[in-house]
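One structure is given below, encoded as structure tokens.
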Amino acid sequence: MEGAVSSVQRKKIHPHKFALWIAIASIVMMFAGLTSAYIVRQAQGNWKTYSLPNTFWISTVVILMSSGTMMMAVKAFKQRYMPRYRMLMIVTLILGSLFALLQYIGFGQLNDSNIHLNGNPSESFLFIIAGLHLLHIAGGIIALLIVFYRASRTKVKIYNATGLEIAATYWHFMDALWIYLFVFFLANQ
């Protein structure tokens, strides 16, 4: 009987992880709706084509690297290699911030190329979709900072990996979402 109860308890998902999956499902639906609207609006004509700036390519490499360092940070945390964990989290935060900076620079380059938020509908879709992703990245950076701070406090040591796993899942999701959006924009230029 005890074995059956403990087996049921092991299969339960942590409430915070469940909330994260609900949030991820909501975000997926939002971006699916936006990219669907992009395709529908494109089919109606009056659609301007453009090239994505090279900084978007670089930022894509940067966010992929940050996902790799995040994965290594989770592994280091679970193995209690705290100095390595802290170093990898700092690298992940730097790469995440660099991604945001490169996206901002990319938006500036688009603006210099006469592609504006209030221009042709194709331009507006690009700025809104990529800008919304950037806002979600900012949320991810804040979540990583909180998790890093909690694990780095000297007075109270928390070795529960749940918060870190939630932040890591969100971060990997943001990475995958950007890859989807980037490929979508490339395919629909």
Side-chain angles (χ1 to χ4, degrees), residues 20 23-73 86-149 166-189:
L20 172 70
I24 285 175
S26 301
I27 294 168
V28 165
M29 289 172 58
M30 179 180 70
F31 280 97
L34 285 169
T35 51
S36 296
Y38 183 103
I39 291 170
V40 169
R41 180 60 186 88
Q42 184 181 28
Q44 293 176 348
N46 185 25
W47 197 256
K48 183 177 174 182
T49 58
Y50 50 82
S51 295
L52 294 176
N54 288 336
T55 51
F56 279 18
W57 285 91
I58 298 168
S59 69
T60 302
V61 172
V62 167
I63 200 166
L64 283 172
M65 290 170 57
S66 75
S67 235
T69 57
M70 186 74 222
M71 199 165 39
M72 290 188 289
R86 284 193 268 291
M87 185 267 301
L88 288 166
M89 283 298 289
I90 289 170
V91 172
T92 303
L93 285 165
I94 290 171
L95 290 172
S97 301
L98 182 59
F99 172 82
L101 176 65
L102 288 168
Q103 292 279 293
Y104 179 77
I105 292 169
F107 287 136
Q109 290 172 338
L110 287 168
N111 198 40
D112 293 343
S113 302
N114 258 350
I115 299 170
H116 305 286
L117 174 64
N118 58 356
N120 184 278
S122 65
E123 301 166 6
S124 301
F125 269 105
L126 172 65
F127 273 91
I128 290 170
I129 293 172
L132 279 173
H133 179 264
L134 192 54
L135 279 176
H136 285 86
I137 285 287
I141 290 172
I142 292 169
L144 291 179
L145 282 170
I146 292 169
V147 168
F148 178 70
Y149 169 74
I166 290 170
T169 301
Y170 181 80
W171 195 253
H172 294 311
F173 169 67
M174 283 294 110
D175 178 6
L177 179 61
W178 173 250
I179 300 299
Y180 162 72
L181 293 174
F182 189 59
V183 170
F184 175 82
F185 287 130
L186 288 175
N188 290 289
Q189 288 183 353

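Starting from 1, each residue takes its place in the sequence as its number.
- Proximity of Ser122 to Tyr50: side-chain heavy atoms (C-beta onward) are separated by under 4.5 Å at one or more points.
- Side-chain polar atoms of Thr60 and Trp178 form a donor-acceptor pair below 3.5 angstrom.
- No side-chain N or O of Ser66 forms a donor-acceptor pair with one of Thr92 less than 3.5 Å apart.
- Rounding to the nearest 0.5 Å places CE of Met174 at 12.0 Å from OG1 of Thr169.
- The ring pair (Phe, Tyr, Trp, His ring centres under 6.0 Å) test with Tyr38 singles out one residue from Trp47, Phe127, Phe31, and that residue is Trp47.
- Rounded to the nearest 0.5 Å, atoms OH (Tyr180) and CG (Asp175) are 15.5 Å apart.
- Judged by distance alone, with hydrogens and angles left aside, the side-chain atoms of Glu123 form a donor-acceptor pair with the main-chain N or O of His116 at under 3.5 Å.
- A donor-acceptor pair under 3.5 Å is formed between the side chain of Asn120 and the backbone N or O of Asn46.
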Legend entry - Intermediate values then yes/no, side-chain contact (heavy atoms from CB on, under 4.5 Å), Asn188 and Phe125: CA-CA 12 Å; Asn188 290 289; Phe125 269 105; over 6 Å; no
Inset, instruction - Before giving the answer on side-chain contact (heavy atoms from CB on, under 4.5 Å), spell out for Ile90 and Phe148 the whole-Å C-alpha distance, their side-chain angles and the decisive distance to 0.1 Å. - result: CA-CA 8 Å; Ile90 289 170; Phe148 178 70; 3.9 Å; yes
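- Atom CD1 of residue Ile105 and atom CG of residue Asp112 lie 11.5 Å apart, to the nearest 0.5 angstrom.
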Inset, instruction - Mind running side-chain contact (heavy atoms from CB on, under 4.5 Å) on Leu95 and Ile63 for me, showing each step along the way? - result: CA-CA 7 Å; Leu95 290 172; Ile63 200 166; over 6 Å; no
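- With hydrogens and angles disregarded, no donor-acceptor distance shorter than 3.5 Å links the side chain of Ser67 to the backbone of Leu64.
- How far CD1 of Ile141 is from NE2 of His136: 13.5 Å, rounded to the nearest 0.5 Å.
- Looking at Leu181 and Thr35, their side chains come closer than 4.5 Å, going by heavy atoms from C-beta outward.
- Although no hydrogens or angles enter the test, the distance criterion places no donor-acceptor pair under 3.5 Å between the side chain of Asn111 and the main chain of Phe107.
- Looking at Ser124, its side chain does come within 3.5 Å of a backbone N or O of Leu117 through a donor-acceptor pair.
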Inset, instruction - Dump the intermediate steps for side-chain contact (heavy atoms from CB on, under 4.5 Å) on Val28 and Phe173, then the final yes or no. - result: CA-CA 10 Å; Val28 165; Phe173 169 67; 3.6 Å; yes
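- With hydrogens and angles left out, the side-chain atoms of Gln109 and Thr55 include a donor and acceptor closer than 3.5 Å.
- Inter-residue side-chain proximity for Phe182 and Leu52 is flagged as met; some heavy-atom pair is nearer than 4.5 Å.
- When side chains are defined from C-beta on, Ile129 counts as touching Phe185, because their heavy atoms get closer than 4.5 Å.
- Remark: Met65 CE is loosely packed, at most 12 non-hydrogen atoms of other residues, nucleotides or ligands lying under 6.0 Å away.
- Across every non-hydrogen atom of Leu134 and Ala100, the tightest pair is CD1-CA, 3.6 Å.
- In this structure, CG on Leu102 lies 9.5 Å from CZ on Phe56, to the nearest 0.5 angstrom.
- Going from atom CG of Leu177 over to atom NE2 of His172 covers 14.5 Å, rounded to the nearest 0.5 Å.
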